[in-house]
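Here the structure comes first, spelled out in structure tokens, and everything after it is commentary.
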Amino acid sequence: MIKYYLLPFFKRSLKNRAQVLVLISSITIFFTLFLVGYYYVNYEYSYDKFHVDNDQIYRIIIEENAGEQTVFCPLPLALTAAKEIPGVSSYIRLNDSQYNIFKYKEHKIKSEQGYMVDSSFFDFFSFQLIEGNIEAINNPNSIFLSKDFAQRLTGSNNPIGEVITFDYGGFKTLTIEGLFEVPVNSHLQFDWIYPNTELIKRPIFSWDSYGIFYSYLKIQPNSDVEEIERKILAIAKENIDGGFLEKIHLQALKQIYLKTDDKAKAHDVSKYGSKKLISLLLLISVLIVVLLWTNLLNIISVTISNRAKEFSLRKACGAYNHQLIQQTFIETLLIVFISGLLSLPLVNLVTDLALRNLELVININILTLRFWVIFLIILVLNSFVLGLFNIIALKGVPDDRVSSYQRQSNIFDVFKRGFVMLQLAITIFIIIFMLIIDKQINFMLNKDLGIDIDDIVLIQDPTVGKLDEGIVSKGKVFKNEIVNNPNIQSVSSSTFPGRRFYGSADMNFRGKEMNLTVGHIDPNFISTYRVKLLAGQNLSYTNKPWTSVLINRKLAKKIGFNNPEDALHNTLVTEYGNRGNIEIVGVIEDYNHLSINNPIEPLVFALWPYSPNEYYSVRVKEKKTETISFIKGKFVEIFGEDNLFDYMYLNDYFNRQYSGVLKFRTIISYLMILIIFLCCVGIYGFFSVELNKKVKSIAIRRCLGGRSYNILYTLIENYYLFILIASVITIPISYFLIKEWLNNFSNVTSLSWLEFILPVFYVMLIIFITILNKLLSALRLNTIEALKNE
């Protein structure tokens, strides 16, 4: 076997190393791409499946008659549904809270995310308590922390029983009763859990107040989910004033991460993935796989064609078909096996780069049985398919060695042309798509928001949620003190751009019911963010809160006023907080409060008597480092050292919203490099074979005085015709698919014919450089030796 199969294989591989390298590199990339892609997609679809009863857990989503969706529910809704609807076995409610200050002795840190919850939290979900007493969740003086957060707060790995201070509408002294870990594949990510027994008793959280409550239900198996949705809707309409409710959706827990509507995401802080992104990456991966296989089959078809004389001679000398088939299958298996081994370090490298640079979690452990089962399946399938293609090709090799080359050339000419055109079409398509993606992302990052977020520093407000007038007055003093600094232009206490407005209220305008998002601002909001006032006047502290409001142009049009001036002094009616009639005193220009990818929604802007907005927005002129030091000094002087001075730049915070698309662009860029590499490798390998066949032709042309550029033109003219045909097919398909992709964005860039034509020239350039390189190598050959060898 070694003498008749392996040694000839290695000798032939050294002689035809270009083709063999193309085969090995293509199969290696295929192994790597398949393994990384499989584990990545498997991880993305694994979210929330670790919960024991994940197929029975649903989240309530409310849809309004305007088409808006929200994951926030009135506090009593889930409780009432569990009591009155057969099939609903249990419920849980979570109250979202962000950026809370925790203190342990002299140490202070900020929590990014936490929830106040019902006491059944650990029974409902399968978040595991690592240490502590789960029964303590019934104690309103207890708190449960994630292990990582507890270690950062206390510096201890076992802080059970330690007393901490928690700032939630006032400082509370609580005891750490348990530690937990949140799996990374959970849509709920949090640092702490606090029993909400006190929150439930607050009268403000009633049927008429959505609050910031997420509600989950556990539905008994074989229950009619649609019927339960209808019954919940009936309960909601019976208890909630206003006719804006349209539907109730029960969203399966395991679908939340990837299948939540963008409208529902707009007011949520849960962790979400993008099914569209995964689908697009899968599409591009499939195209890359097709590109790989065109390289493989292209090279195999040319190789079989070149070896037709060899196989014919061996048949003439008595070799049987099964011996030739056995030989080619062993050779194929060797190439696939070598490629598979080479892919192992590449898989580790790619997963490491994906985690460090793209923050993609791809858990691949090559020491597990599962990995090797998948690896062997890929190896066998590749060997079988490539071996089968070899077998089919060998079946056409005749015994007549004179006619075999011509016949085989005719047979495989069809394959070669088809493979080359398919390869070129895929390359052109993906380059077009990459250019449009890059242009759309740059458009999103650079488009005018309608407001000015540059040079704004955000400083956390320690008076948030505190209703004591003495504490609130400190916030007013702080603003007045720091604005006197010549390097500070203005200060506003409001919900800042990039952070959703929490408030909403049912309102009526001339009999039209609406549920509108309400932004609580102060009078400095307009000047700090340089929002354009289209008509009327700004809000003033002389106005009684919630007697007068600003609206944006979008809301003015929604209630029937195309001219902003006409909306002034009209009245909105709301029962929220028994506020009654509210006068519209001003109309502001629309602006993107969230990212460009979010549609502008109708907004109401109202004064708030307290300081509910969590951050001060400070517009700084210059000397930012010195100015922040000044602000910190005033902060400590007015609020005391117990409060944590925390700040960030608004630009950085706002651009976090684009982290997903930026990550996507980086992934696409890497894939783009891979595609260009594969295109070059495929063309290089193909023309290596083709030019080896034409060495005699090139030598004769040179002897007859043929010039190099004429020879080059003769060689590439047919392939530029292939590019033209591939372009005519690819460009219309690309345009249609790109238009569909752009429909996912609220604001889209314009399309130019250049984005569709340039990739064609890029591919032509790639082919020209590749062929020129091979031609120069061929022209350097000794003419006599080339003719003699032929």
Side-chain angles (χ1 to χ4, degrees), residues 46-54 56-57 59 78-79 82 89-201 212-216 218 253 269-271 642 644:
S46 72
Y47 268 75
D48 298 307
K49 291 184 179 179
F50 62 88
H51 295 290
V52 174
D53 300 321
N54 65 80
Q56 299 176 36
I57 299 175
R59 182 175 66 172
L79 171 63
S89 58
S90 59
Y91 69 94
I92 192 72
R93 297 164 299 183
L94 289 73
N95 180 231
D96 172 34
S97 183
Q98 301 179 61
Y99 308 117
N100 300 97
I101 304 300
F102 284 75
K103 293 194 293 184
Y104 173 73
K105 297 180 181 178
E106 300 301 320
H107 183 52
K108 300 189 292 281
I109 65 171
K110 180 178 69 172
S111 160
E112 294 292 332
Q113 180 68 47
Y115 294 103
M116 296 188 70
V117 301
D118 287 309
S119 58
S120 58
F121 180 81
F122 289 110
D123 294 327
F124 191 93
F125 291 119
S126 299
F127 296 110
Q128 296 299 314
L129 205 63
I130 301 172
E131 296 180 48
N133 178 19
I134 198 170
E135 298 300 326
I137 200 169
N138 296 300
N139 179 3
N141 295 316
S142 66
I143 192 166
F144 294 76
L145 305 179
S146 72
K147 185 176 182 180
D148 174 68
F149 184 73
Q151 203 280 330
R152 287 190 287 122
L153 175 63
T154 65
S156 170
N157 291 322
N158 186 19
I160 301 298
E162 296 289 347
V163 177
I164 63 170
T165 303
F166 170 44
D167 186 6
Y168 190 89
F171 286 105
K172 301 177 183 295
T173 301
L174 303 173
T175 302
I176 301 174
E177 295 287 358
L179 302 179
F180 57 81
E181 282 188 350
V182 181
V184 289
N185 58 342
S186 168
H187 81 281
L188 294 172
Q189 296 291 321
F190 47 93
D191 295 323
W192 53 268
I193 290 295
Y194 176 52
N196 67 3
T197 51
E198 293 183 3
L199 192 68
I200 293 173
K201 298 175 184 178
I212 311 170
F213 294 97
Y214 306 87
S215 297
Y216 296 79
K218 191 169 286 189
L253 178 67
V269 295
S270 300
K271 184 179 179 182
D642 286 342
L644 178 68

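Below, each value reflects all heavy atoms present in this structure, side chains not excepted, and no hydrogens, waters or symmetry copies.
Atoms CD1 and CH2, on I164 and W192 in that order, are 10.0 Å from each other to the nearest 0.5 Å. One distance of note links NZ of K218 with CZ of F125; it measures 8.5 Å at 0.5 Å rounding. In this structure, CD1 in I109 is found 7.5 Å from CG in D191, a value given to the nearest 0.5 Å. Separation of atoms CG (D118) and OH (Y216) is listed at 12.5 Å; rounding is to 0.5 Å. With rounding to the nearest 0.5 angstrom, the CD1 atom of I137 is 7.0 Å from the CZ atom of F121. To the nearest 0.5 Å, atoms NZ (K103) and OG1 (T173) are separated by 9.0 Å.
Taking both residues in full, the closest heavy atoms of S111 and G114 are given as OG-N, 4.4 Å, listed atom of the first, atom of the second, then distance. Residue L188 comes nearest to S270 through the heavy atom pair CD2-OG, 4.2 Å, listed as atom of the first residue, atom of the second, then distance. What you find for N185 and F50 is that their closest heavy atoms are O-CE2, 3.6 Å. In plain terms, the two heavy atoms of Q189 and P183 that are nearest each other are NE2-O, 3.0 Å. Smallest separation of non-hydrogen atoms from N54 and K49: ND2-O, 3.3 Å. Considering all non-hydrogen atoms of both residues, S186 and K271 come closest at O-CD, 3.9 Å.
When the side-chain hydrogen bond (donor to acceptor under 3.5 Å, both in side chains) test is applied to Q56, no partner is found at least two apart in sequence or on another chain. Applying the side-chain hydrogen bond (donor to acceptor under 3.5 Å, both in side chains) criterion to E162, with sequence neighbours excluded, gives Y104. Considering only residues two or more places apart in sequence or on other chains, Y47 meets the ring pair (Phe, Tyr, Trp, His ring centres under 6.0 Å) condition with Y43, Y257. For Q151, the side-chain contact (heavy atoms from CB on, under 4.5 Å) test picks out N157, with sequence neighbours left out.
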What pairs of donor and acceptor atoms, side-chain ones from residues 142-149 against any protein atom, are under 3.5 angstrom apart with sequence neighbours left out?
from	atom 1	to	atom 2	distance (Å)
S142	OG	A136	O	2.7
S142	OG	N139	O	2.6
S146	OG	F149	N	3.2
D148	OD2	R152	NE	3.3

Just distance, no hydrogens or angles: give the donor-acceptor pairs under 3.5 Å from side chains in residues 175-182, sequence neighbours left out.
none

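Remark: side-chain polar atoms of Y194 are paired, donor with acceptor, to backbone N or O of P140 under 3.5 angstrom. A donor-acceptor distance shorter than 3.5 angstrom exists from the side chain of Q128 to the backbone of S126, with no hydrogens or angles considered.
Within 6.0 Å of NZ in K105 there are 12 or fewer heavy atoms belonging to other residues, nucleotides or ligands.
Below 30°, between 30° and 60°, or above 60°: for F190 and Y115 the angle between ring planes is above 60°, a perpendicular geometry.
Checked against a 6.0 Å centroid threshold, the rings of F102 and H107 do not count as neighbours. Aromatic ring centres of F124 and Y91: separated by at least 6.0 Å.
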